[in-house]
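Only one structure is covered here, and it is reproduced in the block below.
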Protein chains: 2
Amino acid sequence: MVIEMSTELADDEVDRIFRALADATRRDIVLRTLRDEVSISALAQAYDMSFPAVHKHVAVLERAGLVTKRPSGRERIVRGNPDAIRRAQQLLDRFELVWRGRIDRLDALFAAEDATP
Amino acid sequence: MVIEMSTELADDEVDRIFRALADATRRDIVLRTLRDEVSISALAQAYDMSFPAVHKHVAVLERAGLVTKRPSGRERIVRGNPDAIRRAQQLLDRFELVWRGRIDRLDALFAAEDATP
DNA sequence: CATTTCTATAACCATTTGGTTATATGTTAC
DNA sequence: GTAACATATAACCAAATGGTTATAGAAATG
């Protein structure tokens, strides 16, 4: 029997998270919205590009789960989502583990669990 | 006098790192080459795509600093670079710090409200 | 030397990305 | 109700991405 790990991420979900972080404007949006909730138009004023451009960046971040949007009157309030950040951190942690060769010990641990149910 | 932080990363360098990680094949190449050194042709055999396609993926990873290439006879041996991984981790840690800063400020706000009813 | 293997790169193609302007809709303010 | 503001989205464009096939050079092998 296979126990599903809730922290397991699908490839395309990971793709979206890292892809979303691969742009300086979007990283800055995440930082700002982790500090404070901000409307899209307030964000747009911070960058040297049009409102639709910023709107698209927010959409990319939202699809990646890095921010959420909440309607408030005529505004959409954008808020950074620390959970998605942590999931990316977990991914990088796994790379670190592999490099240290710890995967082998984890595999052995899981194998032992499977063998002794 | 300003002391330059060696850990400071330029925007486009960060762009390249996250962009390189935003592809499942490339992430797998990084994992394989963190475990063992592998030639490009050996890598190519592991994926359902042409050698030039894998060669390009390796080039993207190399430009991002996530792998290094070492010539050995007619082969190019690819090796994962844990330093680049750590730099990406530092970036995500910074996001986490910003988030915690917000929490701290909210805590301070509530504490102040409690103190001055 | 001839052949095979590995690497590199060019040329091409479809799709995605990151921006623009224009336009429509919803919400607030006067 | 009208004007101003915030959002959404469409249409367009240039550049980048991710793949392909074809070709050429460099190193190992027979």
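Just so it is clear: chains get the letters A, B, ... in the order the sequence lines come, proteins before strands, and each one is counted from 1. Being a predicted model, the structure only gives us computed values, none of them experimental.
Residue pairs that meet the side-chain hydrogen bond (donor to acceptor under 3.5 Å, both in side chains) test with at least one member in residues 44-53 of chain B, sequence neighbours left out, are Asp28(B)-Tyr47(B), Arg32(B)-Tyr47(B).
In this structure, Arg63(B) does not reach the dT17(D) phosphate: none of its side-chain N or O atoms is under 4.0 Å from OP1 or OP2. The phosphate of dG18(C) has OP1 or OP2 within less than 4.0 Å of a side-chain N or O from Arg19(A). One finds no side-chain N or O of Ser50(B) lying less than 4.0 angstrom from the OP1 or OP2 phosphate oxygen of dG19(D).
Whole-Å rounding puts the Met49(A) CE to dT17(C) C1' distance at 13 Å. Per the geometry, OH belonging to Tyr47(A) stands 15 Å off P belonging to dG18(C), to the nearest Å.
Listed candidates were dG19(D), dG19(C), dG18(D). Nearest to the side chain of Ala53(A) is dG19(C).
Among residues two or more places apart in sequence or in another chain, the side-chain contact (heavy atoms from CB on, under 4.5 Å) test is passed with Leu97(B) by none. Evaluation of the side-chain contact (heavy atoms from CB on, under 4.5 Å) rule for Arg76(A) yields Ile40(A), Lys69(A), Pro71(A) as partners, not counting sequence neighbours. Judged as a salt bridge (Lys or Arg N to Asp or Glu O under 4.0 Å), and not counting sequence neighbours, the contacts of Asp15(A) are Arg27(B). Residues passing the side-chain contact (heavy atoms from CB on, under 4.5 Å) test with Arg100(B), sequence neighbours excluded: Glu96(B). Ala42(A) pairs by the side-chain contact (heavy atoms from CB on, under 4.5 Å) definition with Val38(A), Ser39(A), not counting sequence neighbours. Shown here are the salt bridge (Lys or Arg N to Asp or Glu O under 4.0 Å) partners of Glu37(A), two or more places apart in sequence or in another chain: Arg70(A), Arg79(A).
Atoms CZ and CG, from Arg86(A) and Asn81(A) in turn, are 8.5 Å apart once rounded to the nearest 0.5 Å.
For the segment residues 20-29 of chain A, the set of residues with a heavy atom within less than 4.0 Å of an atom of DNA chain C comprises Arg26(A), in numerical order.
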If the sugar-phosphate is the primed atoms plus P, OP1 and OP2 and the base is the rest, what is the B/S/- string for nucleotides 1-13 of chain C, using protein heavy atoms under 4.0 Å? ---BBSBBB----
